[in-house]
Amino acid sequence: MLARRCFPRHLHYPSNGVVSRQINVHLPPDSNLNSLCVNGRLKDALFAMAELGTEVSFHGYDTLITRCISLRALPEGQRVHAHMIKTHYRPNVYLETRLLIMYVKCGSLGDARMVLDGMPNRSIVSWTSMISGYSQSGLHSEGLELFLQMLRTGMTPNEFTFATVLRSCTGPCGLEHGMQVHSLALKNNFESHIFVGSSLLDMYAKYGKIHEAHRVFDMLSERDVVSCTAIISGYAQLGLDDEALDLFQKLFKDGMECNYVTFASLLTALSGLAALNYGRQVHGLVIRREIPFYVVLQNSLIDMYSKCGNLAYSRKIFDSMPERTTISWNAMLVGYGKHGLGQEVVKLFKSMREVKPDGVTYMAVLTGCSHGGLVDEGLNTFDCMLNEQRVKPDIEHYGCVIDLLGRAGRIEKAFNFIIDMPFEPTSAIWGSLLGACRVHANVPIGEFVFQRLLDLEPENAGNYVILSNIYANAGRWEDVSSVRQLMKEKTMMKEPGRSWINLDKTVHTFHSGDRTHPQKEEINAKLMELFVKIKEAGYVPDLSCVLHDVDDEQKERILLGHSEKLAIAFGTMHTSYSGTIRIMKNLRICVDCHNFAKFVSMVVPLADDDMLCLTESLPNISNISLKDDHITGSSEQKGDTSIPDYTS
DNA sequence: TTAGGGTTAG
């Protein structure tokens with residue numbers, strides 16, 4: 001078009017008797033490089049480049065490098081770079097930066113750094129691209145070091161640089177560095193920039209500074225799906241699940257945009273809350289909004305259903321996945337392990353072919369074996385880990401083996417394993433063995449372990465309680481008194497046991513021996529009714545769970561007052577017997593309450609539907625909708641379109 | 001030309 005406009009009008013249309021002049025259009029010699037690249041003929045373009053020799057222009061090189069970047073074509077990119085050197089072409093800052101970016105995108109950081117180091121002049125884009133390369137490869141200290149080097153040259157970072165370098169603020173000194181970068185961002189007026197702010201709040205959340213993270217979030221000049229997801233995820237990753245859910249509901253009401261990452265993060269919070277109803281509705285929302293079921297989201301769903309007690313549904317999702325990552329397998333293995341299905345853990349692990357196990361996989365298998373009582377399988381797995389040497393066991397893996405041996409009653413073997421392991425034992429390791437000493441009544445090792453724990457965490461009341469438990473179990477009531485006296489002197493208080501149940505949007509909390517609930521008489525009557533029924537079914541109270549020197553009748557009474565039993569009795573009073581009673585606890589359940597719950601499940605009849613649900617296919621949950629500021633199920637739907645629940 | 005959020009374990 002431009003060339004045409006340059007020609008005088010009279011030369012375009014020769015009139016009769018006038019001989020037209022021959023027009024020669026002078027295109028640059030490398031003009032065909034662009035069309036070759038655009039048409040996907042990179043190899044031909046490179047051949048043309050070689051033929052052209054020194055006649056390749058700035059635009060020609062730019063076209064070639066851009067194509068190499070988009071194709072992540074490293075060898076081809078190297079040929080372009082080599083051609084520049086061979087023909088003594090002197091690229092400008094822009095073109096050298098493009099070369100650097102090509103190496104970064106192709107994962108060749110060493111070459112990228114050589115380009116940067118050889119640049120006589122560098123732009124902010126050159127620096128930022130190199131820092132970004134380091135940050136994306138997890139080379140955080142290199143990224144930070146380069147950032148400092150950049151500052152020393154007097155270069156001022158821009159919003160891209162801040163958003164990038166904040167990702168490198170991780171590890172032991174990351175918070176300190178991050179706060180310094182934050183100061184600099186403030187000075188340059190970038191704190192409220194949406195990309196910089198999102199990185200900042202994410203950095204603070206990852207260090208547990210959730211208030212600072214939220215403050216940055218509130219300061220943002222605008223909000224988008226990434227910044228909203230980052231703050232929700234920040235709460236969820238810290239285990240502040242209620243807060244994550246509340247914030248999601250608020251932002252959702254305000255019209256926040258959601259994508260698969262938002263829902264994956266939200267599902268993490270719902271898993272922590274064991275909030276199956278919300279989890280189901282999020283699943284429904286994902287379907288209704290036609291959010292793509294990327295692997296990350298499916299992994300979150302597997303985890304949510306298993307943590308909410310709906311393991312069969314996790315497996316349905318797992319089996320339906322067209323593609324699985326190691327995390328998908330880990331989530332499923334963890335699910336089986338948490339449900340005590342050790343055999344399933346081992347079976348699934350053995351069938352794991354499509355992806356390689358990682359450290360989390362081994363943790364899941366070892367804990368699964370530990371909870372399922374599969375000692376030999378667990379030890380074999382650990383040996384396998386040592387032999388293969390692909391994943392190096394860390395102290396947590398050793399901890400799992402100690403737990404495995406301890407739970408199985410092999411206390412001395414567990415003790416020797418601790419002594420021989422290549423790590424300094426932590427309080428968690430000794431704590432695991434102390435728990436095993438309580439279960440398997442090993443007083444001498446228990447006393448030794450308690451002394452080690454006294455050195456490591458003298459203020460942990462739980463260790464004193466377990467030791468007193470060990471003494472109580474051995475009938476050494478004087479020692480029990482001594483330990484309790486020691487606790488009193490140190491003014492230690494064990495966190496009291498507490499259970500709660502969510503009924504009709506109200507949370508009912510019970511403490512041990514609670515007599516404060518308005519329905520205490522009915523609860524007590526129901527408790528006695530259940531007690532009689534389960535005793536007939538074979539339940540025998542486990543009096544060893546009582547740590548007081550009282551007679552057996554008194555021990556039974558104390559056991560019956562445990563908060564979870566009160567919550568169970570209350571649940572059966574108000575929940576249809578065909579439904580699930582879901583109780584949350586702040587502490588681990590005692591053995592007697594565990595047995596109590598199992599027997600109650602046996603004597604309280606389930607409706608046939610619950611049993612049938614196990615074999616049902618994925619139900620249609622597209623009718624589930626969001627109403628007002630709460631996520632609720634639609635009351636207008638016909639038939640049962642909810643995801644079935646078979647956890648009772 | 002350069003940038004931000006994500007799933008499993010403990």
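A note on names: the letters A, B, ... follow the listed sequences, proteins ahead of strands, and every chain is numbered from 1.
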What's the CD-P distance between Glu257(A) and dG4(B), to the nearest Å?
17 Å
Do Asp358(A) and Asn330(A) pair up side chain to side chain, a donor and an acceptor below 3.5 Å, judged on atom types alone?
yes
Enumerate, atom names and distances included, each donor-acceptor pair closer than 3.5 Å involving a side-chain atom of residues 232-239 of chain A, sequence neighbours excluded.
residue   : atom : partner   : partner atom : Å
Ser233(A) : OG   : Gln237(A) : NE2          : 3.3
Tyr235(A) : OH   : His214(A) : ND1          : 2.6

Whole angstrom is fine here: how far is it from CG in Leu267(A) over to P in dT8(B)?
10 Å
Positive for side chain to side chain contact (heavy atoms under 4.5 Å, CB included) with Met332(A), one of Val345(A), Ile327(A), Leu311(A):
Leu311(A)
Between dG6(B) atom P and Leu297(A) atom CG, what is the distance in whole Å?
15 Å
Starting the side chain at C-beta, find the nucleotide from dG10(B), dT8(B), dT1(B) nearest to Thr97(A).
dT1(B)
Could you tell me whether Ile194(A) contacts a base, only the sugar-phosphate backbone, or nothing, with contacts defined as non-hydrogen atoms closer than 4.0 Å?
base
Heavy-atom contacts under 4.0 Å between residues 139-159 of chain A and DNA chain B, which residues?
Asn158(A), Glu159(A)
Quick one: is Gln237(A) getting a side-chain N or O under 4.0 Å of the dG5(B) phosphate, OP1 or OP2?
no
Is it the case that dG4(B) (base atoms only) and Asp224(A) (side chain only) share a donor and an acceptor within less than 3.5 Å, ignoring hydrogens and angles?
yes
Of the candidates dT8(B), dG6(B), dG4(B), the side chain of Val296(A) sits closest to dG6(B)
Could you tell me the separation between the CZ atom of Arg167(A) and the P atom of dT2(B), rounded to a whole number of Å?
15 Å
Ala163(A) has a side chain; which of dT8(B), dG5(B), dA3(B) sits nearest to it?
dA3(B)
Tell me if the CE atom of Met421(A) is crowded by more than 12 foreign heavy atoms within 6.0 Å.
yes
What's the verdict on ring pair (Phe, Tyr, Trp, His ring centres under 6.0 Å) for Phe349(A) and Trp329(A), showing C-alpha distance, side-chain angles and the deciding distance?
CA-CA 8 Å; Phe349(A) 177 61; Trp329(A) 287 83; 9.3 Å; no
Under the ring-ring contact (aromatic ring centres under 6.0 Å, His included) rule, what pairs show up with a residue in residues 92-121 of chain A, not counting sequence neighbours?
Phe58(A)-Tyr94(A), His81(A)-Tyr103(A)
Looking only at dA3(B), dT8(B), dT2(B), the nucleotide nearest the Thr128(A) side chain is dT2(B)
Applying a 4.0 Å non-hydrogen cut-off, can you work out what Ser126(A) is touching in the nucleic acid: base, sugar-phosphate, or nothing?
nothing
Close approaches to DNA chain B from residues 199-216 of chain A, in residue order (heavy atom, under 4.0 Å)
Ser199(A), Asp202(A), Lys206(A)
Which is true for Phe263(A) with a 4.0 Å heavy-atom rule: it touches a base, it touches only sugar-phosphate, or it touches nothing?
nothing
Take atom CZ of Arg223(A) and atom P of dG4(B), then tell me their distance rounded to the nearest Å.
21 Å
Taking the side chain as everything from C-beta on, heavy atoms only, tell me whether Asp117(A) gets closer than 4.5 Å to Arg122(A).
yes
Taking atom C1' of dG5(B) as reference, at what distance in whole Å does atom CG of Leu251(A) sit?
13 Å
Donor + acceptor pair across side chains of Arg167(A), Ser199(A) (<3.5 Å)
no
Determine the contact category for Thr268(A): base if any of its heavy atoms lies under 4.0 Å from a base atom, sugar-phosphate if only primed atoms, P, OP1 or OP2 are that close, otherwise nothing.
sugar-phosphate
For Phe293(A) and dG6(B), give me the distance from atom CZ to atom P, rounded to whole Å.
21 Å
Any donor-acceptor pair under 3.5 Å linking the side-chain atoms of His397(A) with those of Asp394(A)?
yes
Winner on side-chain proximity to Gln136(A), out of dA3(B), dG6(B), dA9(B), is dA3(B)
Look at the side chain of Val261(A) and decide which nucleotide, out of dT1(B), dT8(B), dG6(B), has an atom nearest to it.
dG6(B)
Taking atom types as they are modelled, would you say the side chain of Tyr294(A) forms a donor-acceptor pair with the base of dG6(B) within the 3.5 Å cutoff?
no
Which listed nucleotide (dA9(B), dG5(B), dT1(B)) is nearest to the side chain of Lys338(A)?
dA9(B)
Which of these nucleotides, dT8(B), dG4(B), dG6(B), is closest to any side-chain atom of Phe195(A)?
dG4(B)
Does any N or O donor sit under 3.5 Å from an N or O acceptor when you compare the side chain of Asn259(A) with the base of dG5(B)?
yes
In terms of side-chain heavy atoms of Ser132(A), which of dT8(B), dT1(B), dA3(B) is nearest?
dA3(B)
Which ring-ring contact (aromatic ring centres under 6.0 Å, His included) pairs, counting each pair once, include a residue from residues 120-177 of chain A, with sequence neighbours left out?
Phe162(A)-Phe190(A)
List, one per line, each side-chain donor-acceptor pair under 3.5 Å for residues 257-265 of chain A, sequence neighbours excluded.
residue   : atom : partner   : partner atom : Å
Asn259(A) : OD1  : Val261(A) : N            : 3.0
Asn259(A) : OD1  : Thr262(A) : N            : 3.2
Asn259(A) : OD1  : Thr262(A) : OG1          : 3.1
Thr262(A) : OG1  : Thr229(A) : OG1          : 2.9
Thr262(A) : OG1  : Asn259(A) : N            : 3.0
Thr262(A) : OG1  : Asn259(A) : O            : 3.4
Ser265(A) : OG   : Val261(A) : O            : 3.0

Expressed as a whole number of angstroms, how long is the span from Tyr134(A):OH to dA3(B):P?
16 Å
Candidates dG4(B), dT7(B), dA3(B) - which lies nearest the side chain of Ile327(A)
dT7(B)
Would you mind classifying the nucleic acid contact of Val225(A) as base, sugar-phosphate or nothing, using non-hydrogen atoms under 4.0 angstrom?
base
